[in-house]
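Inspection log for the structure reproduced underneath, given as structure tokens.
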Amino acid sequence: MTEELNNFCTDLKDLFMQQDFEQMEKQLAVRDDEEVRELAVYQHDILAKYYGEEKYDLLLSHLNFVAFASYLFEYAGGRGVFLPAEFKQGFQVFLDIYELAKNRK
């Protein structure tokens with residue numbers, strides 16, 4: 001990921017923490033599909049790595065990041081940058097983490 005795209009991602013995280021979803025979507029709307037896909041896949045792959053390594057406590061201690069990554073992935077999916085099967089398979093990680101969180105309460 002380029003430094004510029006990484007900085008943009010940081011800005012999106014700040015907006016997400018402020019729950020300014022309208023501004024996030026405005027900023028994402030002016031980005032091309034490939035950039036949106038790259039952002040979503042990058043965040044997803046971080047979570048998938050830790051999930052695959054069964055570092056569940058780490059994931060559960062960073063649920064804000066999980067939620068941010070899920071939001072980006074869903075936004076990208078809604079924008080059509082993934083094939084339906086690709087989206088379904090990728091989104092399963094988020095569903096699995098959600099189930100872990102739900103079961104640990």
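Owing to the predicted nature of the structure, the values given are computational and were not obtained by experimental measurement. Position 1 is the first residue of the sequence, and the numbers go up from there. The figures here come from the full heavy-atom set of this structure, side chains too, leaving out hydrogens, waters and symmetry mates.
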Kindly indicate, with the supporting measurements, whether the criterion salt bridge (Lys or Arg N to Asp or Glu O under 4.0 Å) is fulfilled by E35 and R79.
CA-CA 12 Å; E35 288 177 315; R79 194 159 148 173; over 6 Å; no
Begin from the C-alpha positions of D20 and K26 and carry the test salt bridge (Lys or Arg N to Asp or Glu O under 4.0 Å) through to its verdict.
CA-CA 10 Å; D20 192 347; K26 284 180 184 177; over 6 Å; no
Does atom CD of E99 have more than 12 heavy-atom neighbours from other groups under 6.0 Å away?
yes
Kindly compute the distance separating OH (Y98) from OG (S70), expressed to the nearest 0.5 Å.
11.0 Å
With a sphere of 6.0 Å drawn around CD of Q19, does it hold more than 12 non-hydrogen atoms of other residues, nucleotides or ligands?
no
Taking every heavy atom of F65 against every heavy atom of Q43, the minimum-distance pair comes out as CE1-OE1, 2.9 Å
Find the distance between OH (Y71) and CE (M24) and round it off to the nearest 0.5 Å.
5.0 Å
Which residue, V41, V36, L12, forms the side chain to side chain contact (heavy atoms under 4.5 Å, CB included) with L72?
L12
Ring-ring centroid check Y51 Y56, cutoff 6.0 Å
yes
Return the CG to CG distance between L28 and D33, rounded to the nearest 0.5 Å.
11.0 Å
Rounded to the nearest 0.5 angstrom, the CZ-CG distance for F68 and D14 is 9.0 Å
Atom pair CD1/CG of I97 and L47 - distance to nearest 0.5 Å:
5.0 Å
Kindly state whether the ring of F82 and the ring of F91 have centres lying under 6.0 angstrom apart.
no
Exercise: identify the closest heavy-atom pair between R37 and V81
NH1-O, 2.8 Å
So with a 6.0 Å cut-off around CD of Q89, is the heavy-atom count from everything else above 12?
no
Is a side-chain donor or acceptor of H44 paired with a backbone partner of G90 at a separation under 3.5 angstrom?
yes
So how far is it from M1 CE to N7 CG, rounded to the nearest 0.5 Å?
10.0 Å
Using the rule given for side chain to side chain contact (heavy atoms under 4.5 Å, CB included), can you reason through R31 versus L5, listing the C-alpha separation, both sets of side-chain angles and the distance that settles it, and then say yes or no?
CA-CA 10 Å; R31 295 293 180 144; L5 198 55; 4.0 Å; yes
Over 12 non-hydrogen atoms of neighbours within 6.0 angstrom of CZ in F87
yes
